[in-house]
Colleague: 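Mind looking over this structure? Questions follow.
We use all heavy atoms of the structure for the numbers below, so side chains are in, but hydrogens, waters and symmetry mates are not. We number each residue from 1, following the sequence as shown.
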Amino acid sequence: RNGIFHRDIKPENILIKGDNTIKLADLGSCKGIYSKHPFTEYISTRWYRAPECLLTDGYYNFKMDIWGVGCVFFEMLALLPLFPGDDEIDQVNKIHRVLGSPSEELFNKLLNKSVRNDIVYEKQCGTGIKSMLPNVSNECVDVIQRMLTYDPDKRITAKQALNHAYFKDLYEQEQKKMMSLNDSISFVKGVGVDDSMYMNKKMIKRDSNGMNVYHQHNKKDTVLLPNI
């Protein structure tokens with residue numbers, strides 16, 4: 001949304017506040033999504049590095065962050081890293097052992113953007129995410145698998161991930177909050193003249209642009225309203 005991607009998603013860079021707010025730390029590696037390739041080749045912590053970062057010489061995009069989130073998501077559930085490679089070649093092999101190797105066409109498509117010749121394609125059938133997370137829901141496994149899609153062009157986006165069935169309950173809670181807020185706004189707009197004067201004194205202040213700002217009781221949230 002802000003036109004940048006992080007490039008170093010890992011547990012150490014994800015901060016959680018007491019009110020369940022999540023923030024990303026260490027923004028020193030951020031890159032603009034419209035920057036020209038190739039990017040820095042050795043980026044991101046190895047265990048959370050996407051295949052396109054491992055197999056190409058800097059030809060990757062914001063989808064690498066989605067891969068990193070998928071790795072962190074798994075680690076939060078399993079309490080162990082998903083792809084703890086010892087070096088770049090071992091990292092690729094560990095990815096293939098779990099997810100299975102991609103098609104030879106896709107593998108060569110990525111490798112053709114690199115000068116390295118020390119990685120050889122081998123067909124493998126992966127163990128799968130489900131076998132490593134036997135006690136989670138099918139929806140949970142599915143969203144992780146979509147985040148860890150080998151082909152970055154087919155990997156799920158952040159918006160698509162948030163709309164996934166796994167997050168349905170959270171999405172519905174957010175919708176209820178918005179509906180409740182809209183009801184409060186409708187109430188303020190619909191009060192009578194006498195009540196309106198009271199509301200203006202107690203709950204509504206004008207900002208520098210002459211807009212009314214509605215302050216909810218016991219909350220820090222404010223909502224700009226048209227003048228009433």
Side-chain angles (χ1 to χ4, degrees), residues 5-11 29 31 33 37-161 163-167:
F5 59 110
H6 191 275
R7 299 203 301 171
D8 195 14
I9 300 292
K10 58 183 178 181
S29 298
K31 196 76 173 179
I33 60 174
H37 293 105
F39 296 142
T40 306
E41 183 178 346
Y42 295 101
I43 197 67
S44 179
T45 304
R46 185 190 310 119
W47 292 359
Y48 310 94
R49 197 175 296 168
E52 61 270 25
C53 299
L54 295 164
L55 298 176
T56 75
D57 290 343
Y59 289 87
Y60 53 83
N61 59 26
F62 66 94
K63 290 290 189 70
M64 68 172 289
D65 282 354
I66 303 298
W67 178 278
V69 172
C71 293
V72 172
F73 195 177
F74 174 92
E75 191 166 332
M76 291 172 60
L77 296 168
L79 303 180
L80 52 86
L82 180 56
F83 306 122
D86 296 326
D87 52 50
E88 289 200 335
I89 295 179
D90 186 49
Q91 188 68 27
V92 172
N93 289 332
K94 278 186 166 56
I95 292 173
H96 291 180
R97 287 172 196 158
V98 175
L99 302 181
S101 55
S103 67
E104 189 170 3
E105 179 183 4
L106 174 58
F107 187 84
N108 289 331
K109 176 183 175 181
L110 295 173
L111 203 57
N112 284 340
K113 296 178 181 178
S114 171
V115 297
R116 65 187 309 162
N117 56 9
D118 54 346
I119 299 180
V120 180
Y121 179 82
E122 294 182 8
K123 185 66 176 178
Q124 293 188 50
C125 295
T127 58
I129 297 295
K130 182 64 177 177
S131 65
M132 304 177 73
L133 292 173
N135 298 319
V136 305
S137 66
N138 291 332
E139 289 82 4
C140 181
V141 172
D142 184 68
V143 73
I144 293 176
Q145 288 177 335
R146 291 176 184 271
M147 291 179 182
L148 298 178
T149 299
Y150 206 100
D151 187 345
D153 293 335
K154 297 179 180 179
R155 196 174 301 150
I156 197 172
T157 65
K159 184 176 182 179
Q160 289 170 339
N163 289 326
H164 191 275
Y166 179 74
F167 299 108

Colleague: Assess the residue pair D153 and K109 against the criterion (side-chain contact (heavy atoms from CB on, under 4.5 Å)); give the C-alpha distance rounded to whole Å, side-chain angles, the decisive distance to 0.1 Å, and a yes or no.
Modeller: CA-CA 12 Å; D153 293 335; K109 176 183 175 181; 3.8 Å; yes
Colleague: How about M64 and K31: do any of their side-chain heavy atoms sit closer than 4.5 Å?
Modeller: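 Not in contact.
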Colleague: Over all heavy atoms of both residues, which pair between Y121 and P102 is shortest? Give the atoms and the distance, please.
Modeller: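 Here Y121 and P102 meet closest at OH-O, 2.6 Å.
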Colleague: Would one find more than 12 heavy atoms of other residues, nucleotides or ligands at under 6.0 Å from atom CD of E122?
Modeller: no
Colleague: I'd like to check I156 versus T149 (side-chain heavy atoms, cut-off strictly below 4.5 Å). Are they in contact?
Modeller: no
Colleague: Is L148 close to C71 at the side-chain level, that is, under 4.5 Å between some pair of heavy atoms?
Modeller: yes
Colleague: side-chain contact (heavy atoms from CB on, under 4.5 Å) with F73: which residues, sequence neighbours excluded?
Modeller: L77, C140, V143, I144, M147, Y166, F167
Colleague: Does this structure show an ion pair linking E88 with R49, if we count only N-O contacts that are shorter than 4.0 Å?
Modeller: yes
Colleague: Taking all non-hydrogen atoms of both residues, which atom of Q91 and which atom of L54 are closest, and how far apart?
Modeller: CG-CD1, 3.6 Å
Colleague: Using every non-hydrogen atom in the two residues, find where R116 and I119 come nearest and quote the distance to one decimal.
Modeller: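 Heavy atoms only, the tightest pair is NE-CD1, 3.7 Å.
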Colleague: How far apart are the C-alpha atoms of K130 and N138, what are their side-chain angles, what is the distance that settles it, and do they pass the side-chain contact (heavy atoms from CB on, under 4.5 Å) test?
Modeller: CA-CA 8 Å; K130 182 64 177 177; N138 291 332; 3.5 Å; yes
Colleague: Would you mind listing every side chain to side chain donor-acceptor pair (under 3.5 Å) that reaches into residues 61-84, with sequence neighbours excluded?
Modeller: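 Sorted result for residues 61-84: Y48-E75.
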Colleague: Between the side chain of D57 and the main-chain N/O of P38, is any donor-acceptor distance below 3.5 Å?
Modeller: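 No, because the side chain of D57 does not come within donor-acceptor range (under 3.5 Å) of the backbone of P38.
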Colleague: Passes side-chain contact (heavy atoms from CB on, under 4.5 Å), K10 versus W47? Steps please.
Modeller: CA-CA 9 Å; K10 58 183 178 181; W47 292 359; over 6 Å; no
Colleague: Taking atom types as modelled, is there a side-chain donor on H96 or Y150 under 3.5 Å from an acceptor on the other?
Modeller: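 H96 vs Y150: donor-acceptor pair found between side chains.
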Colleague: What pair of heavy atoms forms the shortest contact from S131 to G128, and how long is it?
Modeller: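 Residues S131 and G128, closest heavy atoms: OG-O, 3.0 Å.
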Colleague: Can any side-chain N or O of R46 pair as donor or acceptor with the backbone N or O of G85 at less than 3.5 Å?
Modeller: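 Present.
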Colleague: Counting only heavy atoms not in K94 (residues, nucleotides, ligands), do more than 12 fall under 6.0 Å from its NZ?
Modeller: yes
Colleague: Whether the side chain of H6 engages the backbone of S29 through a donor-acceptor N/O pair (distance < 3.5 Å, no angle test) should be reported.
Modeller: no
Colleague: Taking the inter-plane angle between the rings of Y59 and H37 on a 0 to 90° scale, is it parallel (under 30°), tilted (30 to 60°) or perpendicular (over 60°)?
Modeller: parallel
Colleague: Locate the shortest heavy-atom distance separating I9 from G68; write the atom from each residue and the value.
Modeller: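 Taking every non-hydrogen atom into account, CG2-C, 3.7 Å.
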Colleague: CG of D142 to NE2 of H164: how many Å apart, nearest 0.5 Å?
Modeller: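 That separation rounds to 3.5 Å.
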Colleague: For a quick test of reading the model, state the closest non-hydrogen atom pair linking A158 to I66 and the distance between them.
Modeller: N-CD1, 3.7 Å
Colleague: For the backbone of L55 and the side chain of K113, can you confirm whether one donor and one acceptor N or O come within less than 3.5 Å of each other?
Modeller: no
Colleague: Could you check whether any side-chain N or O of T56 sits under 3.5 Å from a backbone N or O of L110, counting only pairs where one atom can act as donor and the other as acceptor?
Modeller: no
Colleague: Quick one: pull up CZ in F74 and CD1 in I129 and give me the separation to the nearest 0.5 Å.
Modeller: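 So the CZ of F74 and the CD1 of I129 are separated by 6.0 Å.
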Colleague: Do I95 and L82 come close enough that some side-chain heavy atom pair is under 4.5 Å?
Modeller: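 When only atoms from C-beta onward are counted, L82 and I95 do not touch, as no gap falls below 4.5 Å.
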